[in-house]
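Single-structure report; data block below.
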Amino acid sequence: MGRLVIVSNRAPSVDGTGDSGGLVVALKDALSEQGGLWIGGAPEQTDTPSASLVFHQRPDFDIALFEMEPELYRDYYLGYSNSVLWPALHGRVDLIDVQPHYSIAYREVARRLARQIADIVTHDDVIWVHDYQLIPLAHELKALGLTSRIGFFLHIPLPDLQTFKAIPDWQDLAGWLADYDLLGLQTQRDLGHLINIFRHTLRGELRANGNMGINGREVVLGCFPISIDVQGFRRLAVEGAAQTAPAPMPRLIGVDRLDYSKGLPHRLLGYEAFLSQNTRFCSNVGLLQIAPPTRDDVDAYKAIRSELEHLAGRINGSFGTIDWTPVQYIHRSLPRDELAVLYRYSQVGLVTPLFDGMNLVAKEYVAAQDEADPGVLILSQFAGAAEEMSDALIVNPHNPQDIADAIRTALEMPLAERRQRHDALYGHLEKHDVGHWSAAFLNRLLSVEQADPEWLARVSGLESRARTG
Ligand code: GDG
């Protein structure tokens, strides 16, 4: 094998700050062993972007940044990626904002990036592309004749066929996905949706080995539930807690980017129902909601922020007293080590997305607990994590009563049951950490046969005819 080449919308920082998030930790070892390279969008846009990748060396792996103009970035990232694909793939077709220039920019970014990548990779390099911002990349790379193996991992959910078809370019998207050699999804749920999309759109045939025959070649499919650095996160929580006092009263915690997919208003409605039905808990429990800003420039995000602030204000106004604030809402990002301690000192973890690829907060909450006196995880049935974490209290986030009941059950749960549930959840996580995830994906990618040159020639021919025609 040549180098491992990771491609994502954003590359890790050149100086290593912010590496503690899961993905860099997961891929660091594989990258440094293989002499790897991480290609990603430059953190700042420029009116005079370089026509080739801009290289930086880190001690562990190299970084190559892809530059773009501010307008192109806006239409590709805030536009197509986050105003079309993100809502559609999360089942919120009502929020899709279709603009022709968004989809032009999305394709243009993949085309330009492919040219820059094709200049520097060789046949033996293995390319792993991440997430919905870059779906057309394999198509563009193969059109340039690249024969390296190319895998793709979708971090967010893939909806059912009918929802998928609400995206104006759904047929193109299906075709671009089928150009990868390996497609990895978070859950069996999403894998089922992908198979159905391929069957319907490309007459794909499911083979006995679970892969799909599409246009005379085999696309390898797999379910790879992402995870966290379990030991590392647990260590942060234990060490931090040794220097911090516990919370003065039982606490529920929620930690989510302020995104409409995370079900924050639904969560507050559930908490409101809980307080109104269980008044003995008033003044004796608190909800801490950390919701750092994200994609502020997209209208749907402004709307969710004001909805959340309205609800938090309503609950505090109705139930709060001079000495007690029922909802503590923080609209800022906190350092990761502080988060770990907050999780450990919270008796209930509330993870109630309406639709989520995986949800790492659920896993972080479990990893941070004290096994002798663990808290209880309340988890939405629509988080990908629910497939693996059935020992959490599983709820339907659309039903406030379900959330209210689960909060009461969690707060009243006897120690023995809390320990039993936590042991099962932690036991699974320990064996399925983020290293397990990246190794499983990479091993599968390495076992894929390299592209058939005849097929490639055909695709490249069609592509160049389409361009010149
Ligand atoms: C996408 C998919 C999939 C949050 N607030 C703070 C903070 N965070 C960290 C959490 C966690 C991460 O952000 C959020 O991860 P999630 O998995 O919950 O969600 P997305 O950001 O939507 O991620 C998701 C994931 O990709 C991985 O494949 O699981 O389904 O949507 O790590 O801790 N971190 C810090 N301060 C904060 O205030 N430091």
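This is a predicted model, so every value here is computed, not measured. Residue numbers start at 1 and run along the sequence shown.
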Taking all atoms of both residues into account, what is the closest heavy-atom pair of L202 and A178, and its distance? CD1-CB, 3.7 Å

Side chains of Q277 and Q401: is there a donor and an acceptor less than 3.5 Å apart? yes

Just wondering, are more than 12 heavy atoms of other shown residues or ligands nearer than 6.0 Å to CD in E205? no

Side chains of Y102 and D169: any donor to acceptor distance under 3.5 Å? no

Could you walk me through whether T187 and L185 pass the side-chain contact (heavy atoms from CB on, under 4.5 Å) test, one step at a time? CA-CA 6 Å; T187 55; L185 297 160; 5.9 Å; no

More than 12 foreign heavy atoms under 6.0 Å from CZ of R280: is that the case here? yes

Among D256, D356, T294, T352, which residue meets the side-chain hydrogen bond (donor to acceptor under 3.5 Å, both in side chains) test with K262? D356

Taking the basic N atoms (NZ, or NE/NH1/NH2) and the acidic carboxylate oxygens, is any pair closer than 4.0 Å for R418 and D373? yes

Do Q328 and R251 have side-chain atoms, one donor and one acceptor, less than 3.5 Å apart? no

Answer yes or no: is there an ion pair linking D297 with R74, defined by an N-O contact shorter than 4.0 Å? no

With a 6.0 Å cut-off (strictly less than), is the heavy-atom count around CZ of R235, excluding the residue itself, greater than 12? no

Do N316 and Y329 meet the criterion of a side-chain donor-acceptor pair at a distance under 3.5 Å? no

Restricting to non-hydrogen atoms, name the atom on L429 and the atom on K363 that form the minimum distance, rounded to 0.1 Å. CD1-O, 3.5 Å

Any donor-acceptor N or O pair under 3.5 Å, side chains Q420, D391: no

Under 3.5 Å, is there a donor-acceptor pair between the E388 and H432 side chains? no

Taking atom types as modelled, is there a side-chain donor on Y426 or E371 under 3.5 Å from an acceptor on the other? no

Shortest non-hydrogen pair, Y180 vs R217, comes out as O-NH2, 3.3 Å

Does E44, at its CD atom, have more than 12 non-hydrogen atoms belonging to other residues, nucleotides or ligands within less than 6.0 Å? no

With no hydrogens and no angle check, is any side-chain donor or acceptor of S8 less than 3.5 Å from a backbone partner on G40? no

Could you check whether H398 and F382 have their ring centres less than 6.0 Å apart? yes

Nearest heavy-atom neighbours spanning P400 and A273: O-CB, 4.5 Å

Answer yes if the side chains of D259 and Y301 hold a donor-acceptor pair under 3.5 Å, and no otherwise. yes

